[in-house]
Structure formats: C-alpha cells, structure tokens
Chemist: 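The structure that follows is given in the form of structure tokens.
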Amino acid sequence: MAKVELKAPIIEEIKGYVADAKAVVLVDYRGLTVEQDTLLRKSFRECGVVYKVYKNTYLKMAFAGTQYEALAASLEGPTAVAFSMQDEVSAAKVVAQTQKKAEALEFKAGIVDGTFYDAKGLAVVATIPSREELISKLLGSLQSPITNLARVLNQIAEAKGVA
C-alpha cells in the first residue's frame, strides 16, 4: 500500500473535525506526565472537545484551504490539537485550567470564531465566560429588578397589615 493511501484516511478524519469545529487550539504537550495528560483528556471529553495528536504534515494538509490554514505556521515540534465542537472557548479554558496544575502545557496558537490568536491571545480568550454563563448572568440581571420590586411590595403589605 502506498504512503498516500495510508495518509488519506487520517487527513479525512482531521478534515471532518475541522468542518465541525467552532475553534481549534494547538498546544505543546512536552513535559506532561501520564497522570496530567489523562486529566487533560478527561477534561476535554467532559467539555465536548476532541483532543488528538497528529503529525504536523497531516494537520497542514487538512488545514489547507480552510479558515484554519493560518495555523500551519505554528506547526513545529510536538503538537496536539483540540477541536472545540460545542463552545468556542471551551478548549482554551480547559488548557488554561490544566496549566495551573501542569506548567509544561503551553498554548501554541489557535483560531476561535474565525480569528487567529497566538499563545498570549488564547490565554485572554480562556478568561471569556462561556455562552451558558453569559446567558445565566443576563437572566439574573433581568430577574433582579422584578425580585426587588416583589420584595418592596411585600414589605409595604406587611407594614400596612401591622399598622
């Protein structure tokens, strides 16, 4: 079997992830212990992020002609890729949380919602609240005035009942 025939299914697998991904984050995983890597993979699974290690040439071929083509310049040395399928910031958040326990894990680059970010930019993206968090904050803000009004009306009713 020719080398091209062996590479094709792997490249197609990557292209499938790229087509469905809302964000792609490249990380340097050198220096992680097995325990740290296992914890990282578990955290990714819980957030709906696909985390894989591929050869850089396969990634370059799969990224060619897509919005993730700019990541090809960052594909040097050992690289793992995290495809965020559900939320744009979840992959960056998981990496940032894991970095607190495993200093060896480093951002390389990423594309979130069509915008290229370097390592420093991804660290900032990781601080952005997720969609669910933003919605819950909005609902809390909308509900607060109504709750306060109900509380005031209740206090007025109690005061008039006592007097």
Side-chain angles (χ1 to χ4, degrees), residues 1-140:
M1 199 179 273
K3 286 186 178 182
V4 174
E5 292 172 0
L6 294 172
K7 293 177 183 179
I10 298 169
I11 294 170
E12 289 304 314
E13 176 185 356
I14 298 169
K15 284 183 179 180
Y17 291 136
V18 166
D20 297 335
K22 294 186 179 187
V24 174
V25 175
L26 302 178
V27 295
D28 185 349
Y29 59 91
R30 284 183 287 193
L32 287 181
T33 65
V34 174
E35 181 182 339
Q36 291 169 335
D37 189 53
T38 304
L39 179 66
L40 176 66
R41 290 176 185 272
K42 181 179 182 248
S43 299
F44 276 137
R45 273 192 305 274
E46 290 171 354
C47 293
V49 175
V50 177
Y51 176 74
K52 299 271 187 168
V53 177
Y54 292 109
K55 288 186 173 184
N56 291 338
T57 53
Y58 295 166
L59 290 170
K60 286 177 185 176
M61 289 177 188
F63 290 159
T66 68
Q67 66 176 345
Y68 302 108
E69 193 167 14
L71 293 175
S74 302
L75 293 171
E76 292 182 15
T79 304
V81 61
F83 299 99
S84 228
M85 300 300 187
Q86 297 171 355
D87 187 10
E88 288 84 354
V89 296
S90 57
K93 279 183 173 255
V94 169
V95 172
Q97 290 170 355
T98 305
Q99 279 180 328
K100 294 174 185 172
K101 300 171 190 163
E103 294 81 24
L105 186 66
E106 297 176 3
F107 284 116
K108 280 189 163 187
I111 294 186
V112 178
D113 201 27
T115 306
F116 178 84
Y117 294 98
D118 61 356
K120 291 179 183 176
L122 284 173
V124 173
V125 168
T127 63
I128 297 172
S130 68
R131 185 173 188 267
E132 289 76 23
E133 291 175 60
L134 291 173
I135 289 173
S136 66
K137 286 181 182 180
L138 175 66
L139 291 176

Chemist: Dump the intermediate steps for side chain to side chain contact (heavy atoms under 4.5 Å, CB included) on Gln36 and Leu40, then the final yes or no.
Modeler: CA-CA 6 Å; Gln36 291 169 335; Leu40 176 66; over 6 Å; no
Chemist: Looking at side-chain heavy atoms only, is the closest gap between Leu134 and Leu138 below 4.5 Å?
Modeler: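 In short, these two side chains do not touch, never coming nearer than 4.5 Å.
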Chemist: Identify the heavy atoms of Glu88 and Lys22 that sit nearest to each other, and give their distance.
Modeler: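 In this case the closest contact between Glu88 and Lys22 is OE2-CD, 3.8 Å.
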Chemist: With under 30° as parallel and over 60° as perpendicular, where do the rings of Phe63 and Phe83 fit, or are they tilted in between?
Modeler: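 Rings of Phe63 and Phe83: perpendicular, as their planes differ by over 60°.
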Chemist: Measure across Val53 and Ala80 and return the closest heavy-atom pair with its distance rounded to 0.1 Å.
Modeler: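 Shortest heavy-atom contact: CG2-CB, 3.8 Å.
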Chemist: For Val125 versus Ala92, what's the shortest heavy-atom pair and its separation?
Modeler: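 In this case the closest contact between Val125 and Ala92 is CG1-CB, 4.3 Å.
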Chemist: Nearest 0.5 angstrom please: Leu32 CG to Leu105 CG, how far?
Modeler: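 It is 5.0 Å, given to the nearest 0.5 Å.
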Chemist: Does the distance from a Lys or Arg side-chain N to an Asp or Glu carboxylate O, for Arg30 and Asp28, drop under 4.0 Å?
Modeler: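 Salt bridge flag = yes for Asp28 with Arg30.
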Chemist: Are any of the side-chain heavy atoms of Thr79 and Lys108 separated by less than 4.5 Å?
Modeler: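 The answer is yes, as the side chains (C-beta and beyond) meet within the 4.5 Å cut-off.
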Chemist: State, with a plain yes or no, whether a side-chain heavy atom of Leu39 is found less than 4.5 Å away from one of Thr98.
Modeler: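 They are not in contact (no side-chain heavy atoms under 4.5 Å apart), so the answer is no.
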Chemist: Specify the closest pair of heavy atoms between Glu13 and Lys52, including all atoms of both residues, with the distance to one decimal.
Modeler: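 Result for this residue pair: OE2-NZ, 3.6 Å.
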Chemist: Using the side chain to side chain contact (heavy atoms under 4.5 Å, CB included) rule, pick out the option among Tyr54, Tyr17, Tyr58, Tyr51 that qualifies with Val81.
Modeler: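 Among the candidates, only Tyr54 passes.
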Chemist: Salt bridge check: are Glu46 and Lys42 linked by an N-O gap of less than 4.0 Å?
Modeler: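 Yes.
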Chemist: If you look at every heavy atom in Val25 and Ala91, which pair is closest and at what distance?
Modeler: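 Result for this residue pair: CG2-CB, 4.0 Å.
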Chemist: Should Asp118 and Phe107 count as side-chain neighbours, where that means a heavy-atom distance under 4.5 Å?
Modeler: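 No; the side chains remain at least 4.5 Å from each other.
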Chemist: Could you check if a side-chain atom of Asp87 sits within less than 4.5 angstrom of a side-chain atom of Val49, using non-hydrogen atoms only?
Modeler: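 They are not in contact (no side-chain heavy atoms under 4.5 Å apart), so the answer is no.
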Chemist: Minimum heavy-atom separation for Ser74 and Phe116, please, with both atom names.
Modeler: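 Closest pair (atom of Ser74, atom of Phe116, distance): OG-CZ, 4.2 Å.
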Chemist: What distance do Asp113 atom CG and Ile128 atom CD1 have between them, rounded to the nearest 0.5 Å?
Modeler: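 Interatomic distance, Asp113 CG to Ile128 CD1, rounded to 0.5 Å: 9.5 Å.
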Chemist: Nearest 0.5 Å, what's the NZ-CD1 distance between Lys55 and Ile11?
Modeler: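 If we round to the nearest 0.5 Å, Lys55:NZ and Ile11:CD1 are 11.0 Å apart.
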Chemist: Looking at CG of Asp20 and CD of Gln86, how far apart are the two atoms once the value is rounded to the nearest 0.5 Å?
Modeler: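 Here the interatomic distance stands at 11.5 Å.
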Chemist: Quick one: are Ile111 and Leu71 in side-chain contact, heavy atoms under 4.5 Å?
Modeler: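 Ile111 reaches Leu71 side chain to side chain.
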Chemist: I need the Glu35 CD to Asp37 CG distance, nearest 0.5 Å.
Modeler: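 Output value for this atom pair is 11.0 Å.
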